[in-house]
Q: 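Input: one structure, supplied below.
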Amino acid sequence: MNVCYRGERVVLVRDGQSAHWNRATRAGVADQDRLTPERLPAHAPELNPVEPLWFVRGAQCGRP
């Protein structure tokens with residue numbers, strides 16, 4: 001990130017998965033002054049383009 005976005009503000013968009021916002025991640029974000037975390041609202045797959053892929057993958061693995 002420091003190489004690609006040197007000196008620029010960066011917005012970290014995350015979903016509500018608790019594993020994606022653990023203690024280590026929160027500490028790492030807190031150390032970055034230019035990093036702004038934004039959480040996606042719950043039950044809003046239209047804002048997270050990866051969500052439909054998880055649904056398809058789950059169906060392929062035999063989950064309803």
Q: List the atom of Arg34, the atom of Glu8, and the distance in Å for their closest heavy-atom pair.
A: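 Scanning both residues completely, I find the closest heavy atoms to be NH1-O, 2.9 Å.
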Q: Just how far is it from atom CD of Glu38 to atom CG of Leu12, taken to the nearest 0.5 Å?
A: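 Between Glu38 CD and Leu12 CG, I get 9.5 Å after rounding to 0.5 Å.
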Q: Within 45° of the six-membered ring axis of Trp21 and under 6.0 Å from that ring's centre, is NZ or CZ of Arg14 located there?
A: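 Arg14 over Trp21 ring: yes.
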Q: Give a yes or no on whether Arg9 atom CZ has more than 12 heavy-atom contacts from other residues, nucleotides or ligands under 6.0 Å away.
A: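 More than 12 within 6.0 Å, yes.
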Q: Is it true that Val29 and Val10 fall in one hydrophobic cluster, defined by side-chain heavy atoms closer than 4.5 Å?
A: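 Yes, one cluster joins them.
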Q: Does one hydrophobic cluster hold both Val13 and Leu47, with members joined at side-chain heavy-atom distances below 4.5 Å?
A: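 Per the 4.5 Å side-chain linkage, Val13 and Leu47 are co-clustered.
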Q: Please assess Asp15 against His20 for the test side-chain contact (heavy atoms from CB on, under 4.5 Å), listing each intermediate value before the final yes or no.
A: CA-CA 7 Å; Asp15 61 13; His20 298 161; 2.7 Å; yes
Q: Can you tell me how far apart CD (Gln17) and CG (Asn22) are? Round to the nearest 0.5 Å.
A: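 Reported to 0.5 Å precision, the distance equals 10.5 Å.
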